[in-house]
Amino acid sequence: MFKRILLLPIFVLLAWLSKPAPVSAQALLPYTLQLNAEELEQQGLNLAQDAVQLTRFQQYDLALSRAKLATQLAPNSFETWFILGTLYVQNQQLDEGIEALSKAQSLKPEEAGVLFSLGNTYFQKGDYRTAVSKLEAGLKLESDVPEALFDLGNAYYMLEQYPKAIAAYQKAAAQEPNDTWPVWPAINNIGLVKYEQGDVAGAIEKWQAAIAIDPEAAEPKLAVAVALYTQGKQDRGLALGETAIRSDDRYADLDFLKENLWGERLLSDTQKFLANPRMQATIAPSGNVPVQVEVIP
């Protein structure tokens, strides 16, 4: 489960799919087509809607070109800049995305979705303080968006403001009690926080709760396996670790774990765990040899 990919930009972009497409002018002009400013703006909104639809088919280049044209036809519409910024971020053009999203915010300062997307993008750039600022501003407008709360928890976690991170994750999980997303990731991440705090038992409890919600999730299984192994319960840890890696061998890659916000303490213990001959034998068929990640003591 990637934690640093776009959650909110994709979330808000796909939300446009539930909105009716803007109504186009119905009159047919047989000769010279003359569009006034209102009609041009309508055409821009139509193109923006087309761009959103194209993302469903992963036609990102076509979507981006339409979104760019949409901002030219409707430069005063926050929607066109919002969609353009979201697509830039999806394409990992983060600076361009921030510029377009900031334009959208200037046109409609009270639009929570724009603030959430800006927060997510600043998070990806590693500017966690600005990410927190944008996400909290959005949550003042819409307080019950689980994706935004999850992103806020991640940002606080990276700032090592652990109590605030846990509080945000708890709120995220509470918003969707009957859904696995982002409930189990939020609970899983509370486990990550607790492990970095030295609360191994508390971390195991959270990871086991995440497994109970989604029994197929490999990440919390591997985390529990490492914790048990570190506690001296090696056979139990190795058996669970084998199950996790066979389920998803990406978790044998320490770089992948670091991208998924595994902290220094857990990465250090995981490095030792994966070096065990039983784990090496499990990893070998996939060819996914654990890389060395520098862990600060």
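In this structure, T80 contributes its side chain and A74 its backbone to a donor-acceptor pair below 3.5 Å. Put simply, the side chain of T55 gets close to the backbone of V52: a donor and an acceptor are under 3.5 Å apart. Between the side chain of D253 and the main chain of D255, a donor-acceptor pair closer than 3.5 Å is present. In this structure, the side chain of S133 does not engage the main chain of R129 through any donor-acceptor pair within 3.5 Å. Looking only at distances, no side-chain donor or acceptor of Y169 sits under 3.5 Å from a matching main-chain atom of P185. Here the side chain of S268 pairs no donor or acceptor atom with the backbone of E264 at under 3.5 angstrom. Side-chain atoms of E242 do not come within 3.5 Å of backbone N or O of M279 as any donor-acceptor pair.
Among all heavy-atom pairs drawn from L47 and A70, the shortest one is CB-CB, 4.0 Å.
Few gaps surround CG on D199; more than 12 heavy atoms of other groups in view lie less than 6.0 Å from it.
Scanning for side chain to side chain contact (heavy atoms under 4.5 Å, CB included) contacts around A155 gives F123, A131, V132, with sequence neighbours left out. Listed by chain and residue number, Y162, I166, V193, K194 satisfy the side chain to side chain contact (heavy atoms under 4.5 Å, CB included) test with Q197 (two or more places apart in sequence, or in another chain). In terms of the side-chain hydrogen bond (donor to acceptor under 3.5 Å, both in side chains) criterion, K206 has no residue partners (sequence neighbours excluded). For E196, there are no salt bridge (charged side-chain N to carboxylate O under 4.0 Å, His left out) partners, not counting sequence neighbours. In this structure I211 satisfies the side chain to side chain contact (heavy atoms under 4.5 Å, CB included) test together with P220, K221, V224, sequence neighbours excluded. Here L54 pairs with Q59, L62, A63, R66 under the side chain to side chain contact (heavy atoms under 4.5 Å, CB included) rule; sequence neighbours left out. Residues satisfying the salt bridge (charged side-chain N to carboxylate O under 4.0 Å, His left out) test with D95, not counting sequence neighbours, are K125. With sequence neighbours excluded, the residues satisfying ring pair (Phe, Tyr, Trp, His ring centres under 6.0 Å) with W207 are Y195.
Proximity of S77 to L45: side-chain heavy atoms (C-beta onward) are separated by under 4.5 Å at one or more points. In this structure, the side chains of W81 and V114 stay at 4.5 Å or more apart for every pair of heavy atoms. When side chains are defined from C-beta on, Y157 counts as touching L261, because their heavy atoms get closer than 4.5 Å.
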Would T282 and R278 satisfy side chain to side chain contact (heavy atoms under 4.5 Å, CB included), going step by step from the backbone distance to the final call?
CA-CA 6 Å; T282 302; R278 274 181 62 177; 5.5 Å; no
Output, in order, the C-alpha distance, side-chain angles, deciding distance and verdict of side chain to side chain contact (heavy atoms under 4.5 Å, CB included) for I187 and V183.
CA-CA 6 Å; I187 294 173; V183 177; 3.9 Å; yes
Begin from the C-alpha positions of N76 and E41 and carry the test side chain to side chain contact (heavy atoms under 4.5 Å, CB included) through to its verdict.
CA-CA 8 Å; N76 296 319; E41 182 175 7; 5.6 Å; no
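The CZ atom of F116 sits 13.5 Å away from atom CG of L101, with the distance rounded to the nearest 0.5 Å. To the nearest 0.5 Å, atom CZ of residue F150 and atom CG of residue L135 are 12.0 Å apart.
Screening residues 230-240 for side-chain hydrogen bond (donor to acceptor under 3.5 Å, both in side chains), with sequence neighbours left out, gives no hits. Screening residues 86-109 for ring pair (Phe, Tyr, Trp, His ring centres under 6.0 Å) gives no qualifying pairs among residues at least two apart or on separate chains. Sorted by first and then second residue, the side-chain hydrogen bond (donor to acceptor under 3.5 Å, both in side chains) pairs with a member in residues 107-116 form an empty list; sequence neighbours excluded.
A tilted orientation is assigned to the rings of W262 and Y251, their planes being inclined by 30° to 60°.
Counting Ile, Leu, Val, Met, Phe, Trp and Tyr side chains that sit under 4.5 Å apart, directly or through other members, L115 shares a hydrophobic cluster with L141.
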